[in-house]
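Accompanying notes for the structure given below.
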There are 4 protein chains.
Amino acid sequence: MPTTRTERGKTARVERAKTARYYRKREQVVDVAVQLFSKNGYAGTGVADIGEAAGLARGALYYYIGSKDALLAEIHDRVLDPLLVETSAIVGMDISFQARLRLLSEALLRQIVHRRDHVRVFLHEYQQLQGEHRVRFRVKRRRFESHILSVLEEAHSEGKLREPDLDLAMLTYLNLHNYTYQWVSRRPDLTVQELARFYCGIFLNGILTDPLDQAVADAELEHGRSVLGVLLTKGLDH
Amino acid sequence: MPTTRTERGKTARVERAKTARYYRKREQVVDVAVQLFSKNGYAGTGVADIGEAAGLARGALYYYIGSKDALLAEIHDRVLDPLLVETSAIVGMDISFQARLRLLSEALLRQIVHRRDHVRVFLHEYQQLQGEHRVRFRVKRRRFESHILSVLEEAHSEGKLREPDLDLAMLTYLNLHNYTYQWVSRRPDLTVQELARFYCGIFLNGILTDPLDQAVADAELEHGRSVLGVLLTKGLDH
Amino acid sequence: MPTTRTERGKTARVERAKTARYYRKREQVVDVAVQLFSKNGYAGTGVADIGEAAGLARGALYYYIGSKDALLAEIHDRVLDPLLVETSAIVGMDISFQARLRLLSEALLRQIVHRRDHVRVFLHEYQQLQGEHRVRFRVKRRRFESHILSVLEEAHSEGKLREPDLDLAMLTYLNLHNYTYQWVSRRPDLTVQELARFYCGIFLNGILTDPLDQAVADAELEHGRSVLGVLLTKGLDH
Amino acid sequence: MPTTRTERGKTARVERAKTARYYRKREQVVDVAVQLFSKNGYAGTGVADIGEAAGLARGALYYYIGSKDALLAEIHDRVLDPLLVETSAIVGMDISFQARLRLLSEALLRQIVHRRDHVRVFLHEYQQLQGEHRVRFRVKRRRFESHILSVLEEAHSEGKLREPDLDLAMLTYLNLHNYTYQWVSRRPDLTVQELARFYCGIFLNGILTDPLDQAVADAELEHGRSVLGVLLTKGLDH
DNA sequence: CATGAATGAGGCTTCATTCAT
DNA sequence: TATGAATGAAGCCTCATTCAT
């Protein structure tokens, strides 16, 4: 039993280590919740619905989730945390800014395409987050945007950009990608890489002074992807 | 309350002629509801909240709104109806497809920029619509999209498009515009016309075979705008 | 409709004046709650129980009570407010301290004997009060105790007290009276005035340097009671 | 788990011999429960809280306590059993009734002062006891009160009492002592013996026909205390 | 002995809606 | 037109207790 003896001889409770089994089940519950929140909205989904869908009685459900609030926060983490890990790795890479924007595009679209439900919840239910959580995620969101902005700033300082309003450029980049969650299920034929290529083509052609050479861009990308793969793998076993 | 017994034994309310005052107040109530739905979500907003914000007691509120459901439907109408009137006028105009896309862009952004709250509700709470309403608005949405698509198809048939996937092009056009609701309040300096010019510049440069000449486009636009103005005014007094 | 027009022309909701009927029913609900809290304890009584006993559905109940918490606070007010009004009138009266202690005794016992349930709740459930309320009532409790203390201090300054520990004397005075709630229902034959006479006889004989002359005390009391009656009646129509 | 089938088909747990270690731990758990019940009330304290404070998981906790009910009963026993042992020894002693009342006072105050939490639970949560237990403790309470009453009756039969209502006298004696639990933590300077002397002084002066001589009372008390000490020690090894 | 996982009833509260006045 | 009062289902969450391991 994980307790510690204090000097007064009393036993005090310590955070009991949760088993792997606990965490596995917890993940499953969150998976279920994501689907329901995505479909019916956060406020429109009852905790009872989640329990039923997860095959858990009300009480047991709370053993895993703590609160409905916490569930929503967890879903936000699931979207932002991997995204921030990846994007902060990308912005530091020693490749052309075009390639970095393309890698960012792929990272972002991976979330949007492969975790549609998470992203929908993330984009729709942000306002339902309360107090602390709200602040926490505002910060993370800003951090993500600043990553994109930093790449655009570099391009701007090299005189490669036609558009001087970098913030608007960044927001347009977001437009192009983020809204994809609204219709992507209607187009299961499109892959992340195809979309990234298409969006970046449009975006770069739109804001660069010189026209983009897709062939060059594609070639450089291959290299970038493998470097990034190494970076992220190393990061995982720190 | 004036009711009448139908032959099936159900009671149906006699449609009493509503005064102009009734409709004015009703509009005010919907205005209030839009704000609250936008801020707290549909499910997250109580009918009591609406009543309080509108200065109406529960009973009186229901006299105006009928039901919470109806309120949501009305908000959808407020977004889609003027948009469809305008876009169907635009697609029939005898000007270049570039100009038509630009006019569509302005029409769309007018809703997004000037009726942010409506658009947010429209984009987020669609799934909360029940049965009949859901179907009705799905149809309207599709109609709107088909207007854009028809313009792109014309461009394609003229051999002006680099991208053969017209559906993807249309969706990308939507991406570019629709997501704007998420951040536009942070950029009150941007006007509808500026945004339309910027988005269309990027979009057309991205999908056209020949580069876009903005000067020409801008010139033609002026003409288009005035023609459209006439069309819509005539439409109003049908 | 009680609304006010702001200078911007919007209507803002004002605290709607509650009807007398509302307040009457509210009192009844509190009456019911007091009985249940007294019998089963605050935590041991469900809001559903109160509703049932009051003949109100769950929803309607909340229309009257606001929250279970507020109910408990109201009960505390019902005990302390009249007590403080009366005791602060008494301590300022121009009669012997013996007579004032006797009048205080009667005031206190009136609550204990005639509002047994209130007093039991007041004495047992104080700790269940949360935050603000807790503080508010701690202050009121102290104020009440200070009234008694002030009378004892006057007696002490006149050299009439054998016991120098005035705080202990005051607490003993409380002992003598307050615990009565625990058994008074077993002795319905005892009146407030009898009990006050008995308790004050014991208390004063116990702490005075000179023995108490009950005959004198009783005579003076008659006068005190009528003066107090006048004071309190005047206070009511302020 | 070792169970055995009774002839009626029910399963009954085989009483396994409990080790000393078991009883030690059980005592600790009850200690913890008393504190929590005293602070938050019986209904306001969760079994989980007790487990946490005791450093035991839910399952293990139940191994020791059986049920929350049983815990409350045990606490009542802890107050009443030693009190009854002592008071029944006292009432049988061959000393003046004044001395016996003084010894009873000390016995009672020992519980109140040194086991404040127990006493608070005892006085507040009596009504939460269910069925059997409720009856059992009502009997014990009555027995305790009858001990006091028997001493007063003796005094009365000797013509020493001014007050003929013996029940009221007994209840007043209880008032004086029992309410002490409410404020004693604010006065840690007061000892049991001081309080007993003070209370008995007041009480006896209040109900005796002849004034009490404290010097005599104190002298006799010394003797009484030592005799009682012997009695109780013998009682323990019966 | 001890645990973590599970249960289902019940906890307090808010909800959309109705209706007599 | 407008209101206050009422309803009952549903909201989120905690509870005492059990039991396989």
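Note that this is a predicted model, so its numbers are computed, not measured. Quick note on labels: first sequence line is chain A, next is B, and so on, each numbered from 1.
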Considering residues at least two apart in sequence or located in another chain, which fulfil the side-chain contact (heavy atoms from CB on, under 4.5 Å) criterion with [X]?
X      : value
A60(A) : L56(A)
R58(B) : A48(B)
Y62(C) : V47(C), I65(C)
A53(C) : V32(C), L36(C)

Atom-pair distance ([atom1] on [X]; [atom2] on [N]), nearest Å:
X       : N       : atom1 : atom2 : answer
L61(B)  : dC15(E) : CG    : P     : 14 Å
Q128(A) : dG11(F) : CD    : P     : 15 Å
R26(C)  : dG4(F)  : CZ    : P     : 17 Å

Review point. Which of parallel (below 30°), tilted (30 to 60°) and perpendicular (above 60°) describes Y126(D) and H76(D)?
Key: tilted

Check your understanding: Does the side chain of R21(D) get closer than 4.0 angstrom to OP1 or OP2 of dA2(E) through an N or O atom?
Key -> yes

Point to revise | Stems where DNA chain F pairs, listed by first number, each of three or more Watson-Crick or G-U pairs under 3.5 Å | key: E:2-21 with F:2-21

Revision key, fill the gap. Among dA9(E), dA2(E), dT18(F), the one nearest any side-chain atom of R58(D) is dT18(F)

Revision key, fill the gap. Quick note, Y62(A) side chain, CB onward, closest among dC1(E), dC13(F), dT17(F) is dC13(F)

**Study point:** DNA chain F: 5'-proximal contact among K25(C) and Y22(B) (nearest heavy atom)
**Key:** Y22(B)

Review point. So which one's nearest nucleotide on DNA chain F is more toward 5', Y64(B) or G59(A)?
Key: Y64(B)

**Study point:** Residues which pass ring-ring contact (aromatic ring centres under 6.0 Å, His included) with Y22(B), listed by chain and number, not counting sequence neighbours
**Key:** Y63(B), Y64(B)

Partner set under side-chain hydrogen bond (donor to acceptor under 3.5 Å, both in side chains) for [X], not counting sequence neighbours:
X       : result
H133(B) : R136(B)
H124(D) : Y181(D)
R26(B)  : E74(B)
D31(C)  : R78(C)

Point to revise | Residues from residues 65-75 of chain A lying under 4.0 Å of DNA chain F - heavy atoms | key: S67(A), K68(A)

Exercise for review: Check Y42(D) against E125(D) and note the closest heavy-atom contact, atom names and distance.
Suggested key: N-OE2, 3.1 Å

Review point. What residues in residues 27-55 of chain A put a non-hydrogen atom under 4.0 Å from any atom of DNA chain E?
Key: none

